[in-house]
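A short worksheet on the structure shown next.
Just the heavy atoms: all of them, side chains too, but no hydrogens, waters or symmetry mates, feed the values below. Below, chains carry the letters A, B, ... as their sequence lines are ordered, and counting in each starts from 1.
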Amino acid sequence: MKFEEIRRLIDLVERSDVDEVEVTQWFMNRIRVTRRVPRDIVDRPAASLSNPPDLPSLSSPNDRSRTKPSTTAPPQSEPEPDPEPVKTAAEPAPAPSSDRLHTVTSPIVGTFYAAQSPGAEPFAQVGDRVVPSTVLCIVEAMKIMNEIEAESAGTIEARLVENGEPVEFGQPLFTLRLA
Amino acid sequence: MKFEEIRRLIDLVERSDVDEVEVTQWFMNRIRVTRRVPRDIVDRPAASLSNPPDLPSLSSPNDRSRTKPSTTAPPQSEPEPDPEPVKTAAEPAPAPSSDRLHTVTSPIVGTFYAAQSPGAEPFAQVGDRVVPSTVLCIVEAMKIMNEIEAESAGTIEARLVENGEPVEFGQPLFTLRLA
Amino acid sequence: MFDKILIANRGEIALRVIRACKELGVSTVAVHSEADRESLHVRMADEHVCIGPAASTQSYLNKERIIAAAEITDASAVHPGYGFMAESAEFAEACRASHLVFIGPEPETIESMGNKVKARERMVDAGVPVVPGSDGPVETGPSALAVASEIGYPVIVKAAAGGGGRGMRVARSDAELETGIAMARAEAATAFGSDVVYIERFVERPRHVEIQILGDRLGSVIHLGERDCSIQRRHQKLLEEAPSPAVDDALRAKMGDAAVRGAEAIGYDSAGTVEFLLTPGGEFYFMEMNTRIQVEHPVTECVTGIDLVKEQIRVAAGDRLGFEQADVSVQGHAIECRINAESPRHNFRPAPGRIDLVYFPGGPGIRVDSHIYPGYDVSPHYDSMIAKLVAHGSTRDEAIRRMRRALEELIIEGIPTTAPFHQAVLASAEFSEGRVDTGFIERFEW
Amino acid sequence: MFDKILIANRGEIALRVIRACKELGVSTVAVHSEADRESLHVRMADEHVCIGPAASTQSYLNKERIIAAAEITDASAVHPGYGFMAESAEFAEACRASHLVFIGPEPETIESMGNKVKARERMVDAGVPVVPGSDGPVETGPSALAVASEIGYPVIVKAAAGGGGRGMRVARSDAELETGIAMARAEAATAFGSDVVYIERFVERPRHVEIQILGDRLGSVIHLGERDCSIQRRHQKLLEEAPSPAVDDALRAKMGDAAVRGAEAIGYDSAGTVEFLLTPGGEFYFMEMNTRIQVEHPVTECVTGIDLVKEQIRVAAGDRLGFEQADVSVQGHAIECRINAESPRHNFRPAPGRIDLVYFPGGPGIRVDSHIYPGYDVSPHYDSMIAKLVAHGSTRDEAIRRMRRALEELIIEGIPTTAPFHQAVLASAEFSEGRVDTGFIERFEW
């Protein structure tokens, strides 16, 4: 997904006098940007306005990857004013106030272990407070156990990978709420 | 993605009297730009506004054909003076008030002759008044001389083909200003 | 060689001919209907002429307009492709009258092979085996039984004026034959207004095997081996291969000789195909001769390395064939899948429409002949075939695996196609073991 | 056969290996950098693992990450493609240590062929001709003159530590040799900090002709004929063909035998290439051996009908070669043009960027190996090659004409490519007459 392109398209729509721009590219990358409809106009026929963005990302038909399927942003349907800007992305919608959140990603390829050994306590659990040197998990690659440390101080909001699951480079492992 | 193209399309839509332009290009890339619907006009019937997008035709890079560049569909006549006629296509804009004009096209493939024989007077000259049975020219195919008649009454505004030039099916031969 | 050739066709075959012309250094003129303005054959030709509206009768089937287009562009020859004017003796005649070389056999040859009865007679005269039959109408009673006993059961009773399966009855005994004739005559009388019927041996589970012929104007005729087109649905070929899994070297030589004999007998001097029914026992019978290039010619090109369309153009220009029978050898195995804009799950109903996305497979042994591109509109006016996918491998097994991976790679979005059907056929045990006949698809469940 | 193969590469060669695996019925794992998320090799593989950021050192050249990706996906073998880890003995060794089959020769073989001096020694031992030379450093004075008189003028003085043309001097007489050695030593001392030089025969106007080798783990080695790669620019091959217009059957047998001898001497058991310099007089000298599949392997596949990548995988799995030397025959002629994202009019400078439009040629005898599609971003991080166009014809002339029409059909918009350059080469009299050498492109004006 080309966020930069989408960002620029949104800019174009916001700064112009058009309601919608749809760009279809090869491999069916379709991007449609629809102007936000003011919610205070009551008597507008809803059907003609609803434009849930439907953006298939390039997903392989034989996708057996361990990548999680991308979720589509939910269409807006609230009749009340909505503070949210138009959502155009096909990637997981960021949680609210994501500026306070931080995602710890895997710096290597390997197998994720939440604990030092099968029976042991996990290094980190949801709700734990961590500092930059706290070990969060192990990613094992080529028989070497690589300890992954928190890069920031905060509270563990979520663990995103199951114990023993393979992870690729850049794959999100934990969400931290920054202190 | 061609932001410059999209930017220019948005400009065109903004400055024109159309609601939507959709451009499908050779091999891919569809761009659709939809005019912003004024939010204060409540009872505007959206359907009645939808209107003819005009798409640039595919033109061959090795175009050695005798085909004239296709002219785009005439814009709708404006209720009010508009300094900027709608230009949605990459092709030359049509002449103004084309609703009074009529194009006589060739119903067959062959060679265009303006006159009965090399030295003779042309069948029809610019400025001539014609009626539906007036012979305008001959298109010769397989040694047969086919007389082409005016289909409407009017005045010859322009002859679009040189004497002796080959013409294809549907090729414009004359422009008539309708009586 | 010709300076300029007009291609009186559209779609992939027009493109195929343009490619041959470019390799020969010959200029090309495309003709097209108004619906085909944005077609690839128009784009790729050196010149193009719009000859009429979308309806074929007013464009690709209108011989005056095609010839006028050749005249205004100074083309010296016309390639008819397949379909449309390709087997019109009248069109070939009109080309001749306009001093245009028709790239195909003489009008008289087209004429005689176009008439099934005449074609059968010519082949019988040339010693080419035909399905044993009554050689004329039969009545009920002793005469019919005598004919049947001579050709052997099972036999099929066919309406002389018939077609489409009506007025046909299979009989496996004298009793069945008597009833069969009576019923067939009654049916024929109702359906075609004539109760004349004839008897032929009924070939059970036949394969469709055809021999590619190439002749020149100096009298040489050779064959390029066979194609097996048994995968067909209502006489519409869907998948073809060369060589046939049912033909060995000895049978190939016999069928090739018969086809060459037949072609020589009619003075054949172009590319053509002699179609045979092949019985499970290895007997073969002449069905008909197609006096043109065929859709499935690429499989022969792959296994022989010979460019059939270029040879066809060369011999039309009076050149001698570039090789002799002994120079032709079959290397490996090739399969062609016809990708049609049809919905195979809905009785193969045509599905014209806008193609949103196309990705064609590549890599070793893959050939694609197609006129489509993303954004192309498949017109309801014409044939639904939108691409031919050909896989060439060193063995039949490799060709099958290669075609399967090519079909996996193929992406066509916006309309349904026959690609999933081909995947199913290629995955079937019957096909991979070579156990198919012309009735296979009718029985095939997927 | 392996269940699952990880492909430690990107671009067209990753796709090529995936295609081979699909035809073999083997599952595939693609690895990719963050920049290659939307690459076709990722799309077409059964599984894919992101192994690092765009920089090759942190992704495609990072052996730990590649091996970890194989481990987490349970792949049993790794195909390295060409470039990146393909000739890293260390990587092959690491695969072995992790119980992964490296699809290529043993690490020791890679090692010995990767060292030019060692490789030359091994080939001399095996009786493979090498460029006559001093076999060690020379000083000015009588010893140098003695060496030169033995190998014959012209000779070339080269810095032992050298490269890139510096510290090199051609000498055609004793007097030139004395001056040449002095100047080369001075230059070498400045450039490389060592004034050691050696002497070799200087081959004028050589062709680059290489022999494709295939060996299995049971000790069989065969060759698949030669490729001519004389069209190169600064040792970068641009256009390759098989067979070479400068090699006849007798020379092919001699060069093939020499290559097989060399490969057997080192126990070679995979696909590999022995590169030779071929003099205008028909002498040939070993240059180096590439212990991997090569970019230009498709021309050999076209003319032999053998799928090299599948064979390479099969022998790595322990299978016996599927054929013997006598089974290999060369049919017709094939040419490959490398389509690079480069501006040939601006000294072939790389031109990465967004591809707006792609149309690949089709029809008879055309093969396309490419990973690009409309909208694809050619990354500045990697090789500029974006497609390989291969034309196969029954003769060299047909292959040239076919390639010219294919290049005419090819459309790539958005970035400049080497396609116009190839058109110019193919249209030149020198190329069509087969009169080129490795210096041709340097002299070529277009």
| message | Counting only non-hydrogen atoms closer than 4.5 Å, does C:Arg404 touch chain D with its backbone (N, CA, C, O), its side chain (CB onward), both, or neither? | response | neither
| Contact winner vs chain D - C:Ile306, C:Asp307, C:Ile366, C:Val390, heavy-atom pairs under 4.5 Å | C:Asp307
| field | Shortest non-hydrogen separation from D:Ala387 to D:Phe360 and the atoms involved | value | CB-CE2, 4.0 Å
| said: With heavy-atom distances below 4.5 Å as the criterion, would you say the side chains of C:Arg37 and C:His48 are in contact? | reply: no
| request: Provide the closest heavy-atom pair for C:Leu426 versus C:Cys337 in the form atom of the first, atom of the second, distance. | output: CD1-SG, 4.3 Å
| Side chain, backbone, both or neither: which part of D:Ile18 has an atom under 4.5 Å from a heavy atom of chain C? | neither
| query | Applying the side-chain contact (heavy atoms from CB on, under 4.5 Å) test to D:Tyr373, which of D:Val358, D:Leu40, D:Ile355 qualifies? | reply | D:Leu40
| said: Please check: side-chain N/O of D:Ser428 versus main-chain N/O of D:Phe431, any donor-acceptor pairing under 3.5 Å? | reply: yes
| field | Among the listed options C:Arg405, C:Arg16, C:Arg19, C:Glu409, the residue most often paired with chain D at heavy-atom distances under 4.5 Å | value | C:Arg19
| field | Electrostatic pair D:Arg338:D:Glu296 at N-O distance under 4.0 angstrom | value | yes
| message | Donor-acceptor pair, distance only, cut-off 3.5 Å: does the side chain of C:Asn9 make one with the backbone of C:Tyr82? | response | yes
| field | Other residues, nucleotides, ligands: >12 heavy atoms within 6.0 Å of D:Glu433 CD | value | yes
| field | Contact origin within C:Pro364 toward chain D - heavy atom pairs under 4.5 Å | value | both
| Between C:Ser370 and chain D, which part of the residue has a heavy atom less than 4.5 Å away: side chain, backbone, both or neither? | backbone
| chain D contacts, top residue of C:Gln331, C:Glu301, C:Glu23 (heavy-atom pairs, under 4.5 Å) | C:Glu23
| message | Under 4.5 Å from any heavy atom of chain D, what part of C:Lys310 do you find: side chain, backbone, both or neither? | response | side chain
| field | Electrostatic pair C:Arg227:C:Glu336 at N-O distance under 4.0 angstrom | value | no
| request: Give a yes or no answer on whether the side chain of C:Thr304 reaches the backbone of C:Thr300 with a donor-acceptor pair at less than 3.5 Å. | output: yes
| said: Sub-4.5 Å heavy-atom contacts with chain C: which residues of residues 393-403 of chain D show up? | reply: D:Ser394, D:Glu398, D:Arg401, D:Arg402
| message | If you count heavy-atom pairs within less than 4.5 Å of chain D, which of C:Glu12, C:Lys388, C:His392, C:Arg367 leads? | response | C:Arg367
